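Lettering follows sequence order; numbering is per chain, from 1. What you see is a predicted model; the values in this text were computed from it and never measured. Computed over heavy atoms, backbone and side chain alike; hydrogens, waters and symmetry mates excluded.
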Amino acid sequence: MLDQNLFINDYEETKRRLTRKRVPVEQIEEIRQAVLDRKTLVGEVDGLRAEVNEKSKQVGVLYQQGRKDEAEELKASVPELKKKLEAKEKEYKEVDDKRLQLLLRVPNLPDDDCPDGFTEDCNVVVRMEGYNESDYEGKEYKPHWEIGEELGVLDAERAAKLSGSMFALLRGDGARLHRALIQFALSINGDRNEEIIPPHFVRPEMMMGTGTLPKFADDAYRFRDDDLWAIPTGEVPLTNLHAGEILSIEELPKRYMAYTVCFRREAGSAGKETRGMQRLHEFHKVELVRLCTPETVKDEYELLISDAERPLKLLGLPYRVLDLCGGDVTFSSTRVHDLEVYSPGTKSWLEVSSIGIFSDFQTRRGNSRFRRSEKDKPELLHSLNGSGLAAPRVWAAVVEHGYQPDGSIRIPEVLVPFMGGQTEIRRS
RNA sequence: GGAGAGGUGGCCGAGCGGUUUAAGGCGCACGCUUGGAAAGCGUGUGUAGGCUUAUACCCUACCGAGGGUUCGAAUCCCUCCCUCUCCGCCA
């Protein structure tokens, strides 16, 4: 959520930046008006409440002095005042609720460093790592689902039998490779990130805290009987870990990583680039989250991007780094870099990490704060996150790149220790 | 799942319908004192919003959360959440 004062104190600038995310001007104006109206009404309500409080206090004093008649008289004069107060309160609540609902649905301001544009065509490829187009010319690559089926390590048919489309079932060495990837990612990122195993079901406030609710409710799974939501990413519990707390500056930055299962309904994306391990309702991921001061957020961002790149580099997978344009930057973020690994089997780039800065957008919702010193007022933390390793897509890339002419899959060297020394996958 | 107890400021803990603008203590900060320190004494010590040049004053809200009763609620009523103890169940 944005600071509502931006709509009053820095209106033109806020409008300019929101327009980059295609927020209609009318909507921005509506918020400004709601914020202003609320401010007026707060003053009026507070004034009336003060009057009621004062009179009630007097009633008490009069009773204690035994001046009962005067007390009764004063008491009788309150209901009229309260009627006025209640009417005003009702008006206030309506405006306040409108203001909140509007604010909750407005995206974060894009950073001016984001490239211009509104669609993904405007995203800028900043770097290519380990990719040469010529490497793939004249060669035939199989998609991972074919290889997986051939070797008996990916069983799409049974996954569908059990759960439907967009679910995967790995078996044997395929499952082992998947586990190795997770272990690998956790172990290389363990140097500066504290490992967390969070709950996978969270309260609605937590989904609200990351900006997933209310806007993206249709994309998540909800347990209706318990009013809990299945996390779509480890970002949700990690970002909210310190919700409602005030941390001291010495504890910062907080650098967390969590291996979790992620649950996504993927409403509306059925049939679209969903074969194999590309898009699943349920997948495993190592997520990295940072909470820090506003001053250090840019440095943390660079560090986070490099952390997210580490596994790809070490695995020897070709990937590219995208700087997302203002219009394509996600709802809660100010700046986003995507990492996309090249999938020769599908001749496409698969997004394997989206690293974003959220400024105080998420932490304002969750009220996660820090204090510079005992004398200073609490300030909102800044949050960032990115995938440390999105297992299915990296699994797909490893399988496609490692596929050998003899029908086996070569295991990247760095993974061998996590595979118990196994260097290849063959049909058993 | 059943029975019971309880959630009050950074912490402990009183209050159970009206000078509570939340007692008292601990902790913390500043000052006095001292050669220096401890002790002692004094002062201060939350969050958010409103009004303001102002982190001053004043006003409003907050005693787990949300509703309700009342002129007035930390205190009474209802719903929910959480913690603890015992029983049951269970990997």
| remark: Only residue of M206(A), H200(A), E287(A) satisfying side-chain contact (heavy atoms from CB on, under 4.5 Å) with I231(A) is H200(A)

| Check: L36(A) main-chain N/O paired with T40(A) side-chain donor or acceptor under 3.5 Å | yes

| Under the 3.5 angstrom rule, does the side chain of R32(A) hit a backbone N or O of L6(A) as a donor-acceptor pair? | no

Say we look at [N] and [M]: how far apart would their [atom1] atoms be, to the nearest angstrom?
N: G67(B); M: U53(B); atom1: C1'; answer: 42 Å
N: A23(B); M: U79(B); atom1: C1'; answer: 32 Å
N: A5(B); M: C59(B); atom1: P; answer: 40 Å
N: U75(B); M: G68(B); atom1: C1'; answer: 15 Å
N: A22(B); M: C62(B); atom1: C1'; answer: 12 Å
N: G88(B); M: C12(B); atom1: P; answer: 32 Å
N: G31(B); M: U83(B); atom1: P; answer: 44 Å
N: G66(B); M: C82(B); atom1: C1'; answer: 15 Å

Close side-chain approach of [X] to [Y], heavy-atom, < 4.5 Å:
X: L247(A); Y: K254(A); result: yes
X: E149(A); Y: L154(A); result: no
X: M419(A); Y: R176(A); result: yes

| query | Should the ring pair H284(A) and H178(A) be called parallel, tilted or perpendicular, given that the plane angle runs from 0 to 90° and is split at 30 and 60? | reply | perpendicular

| Between F331(A) and F216(A), how do the two ring planes meet: parallel, tilted or perpendicular, split at 30° and 60°? | perpendicular

Rounding to an integer number of Å, can you tell me how far [X] [atom1] sits from [N] [atom2]?
X: L36(A); N: C51(B); atom1: CG; atom2: P; answer: 11 Å
X: N5(A); N: C51(B); atom1: CG; atom2: P; answer: 10 Å
X: L85(A); N: C71(B); atom1: CG; atom2: P; answer: 14 Å
X: R49(A); N: C51(B); atom1: CZ; atom2: C1'; answer: 16 Å
X: L247(A); N: G10(B); atom1: CG; atom2: P; answer: 14 Å
X: E54(A); N: C71(B); atom1: CD; atom2: C1'; answer: 13 Å
X: N9(A); N: G49(B); atom1: CG; atom2: P; answer: 12 Å
X: E89(A); N: G68(B); atom1: CD; atom2: C1'; answer: 14 Å

Does [X] reach a base, just sugar-phosphate, or nothing at all? Heavy atoms under 4.0 Å.
X: Q64(A); result: sugar-phosphate
X: V59(A); result: base
X: P79(A); result: nothing

Phosphate OP1/OP2 of [N]: any [X] side-chain N/O under 4.0 Å:
X: R369(A); N: A48(B); result: yes
X: R371(A); N: U47(B); result: yes
X: N53(A); N: C71(B); result: no
X: K377(A); N: A48(B); result: yes
X: K82(A); N: G72(B); result: yes

| Test: R372(A) and E379(A) ion pair at under 4.0 Å | yes

| field | Side-chain donor/acceptor contact of D46(A) with base of G49(B) under 3.5 Å | value | yes

| S56(A) side-chain proximity, nearest of A48(B), C71(B), C81(B) | C71(B)

| said: Wobble G-U and Watson-Crick pairs count when both distances are under 3.5 Å; given that, what is the 5' to 3' dot-bracket string of RNA chain B, with | for pairing to other strands? | reply: ((((((((.[[[..)..(.....]]]((((((.......))))))(((((.......))))).[[[[[..)....]]]]])))))))....

| note | Heavy-atom nearest nucleotide on RNA chain B taken for G43(A) and for I246(A); more 5' hit belongs to I246(A)

| remark: Residue pair A50(A)/K55(A) against RNA chain B: nearer the 5' end by closest nucleotide is A50(A)

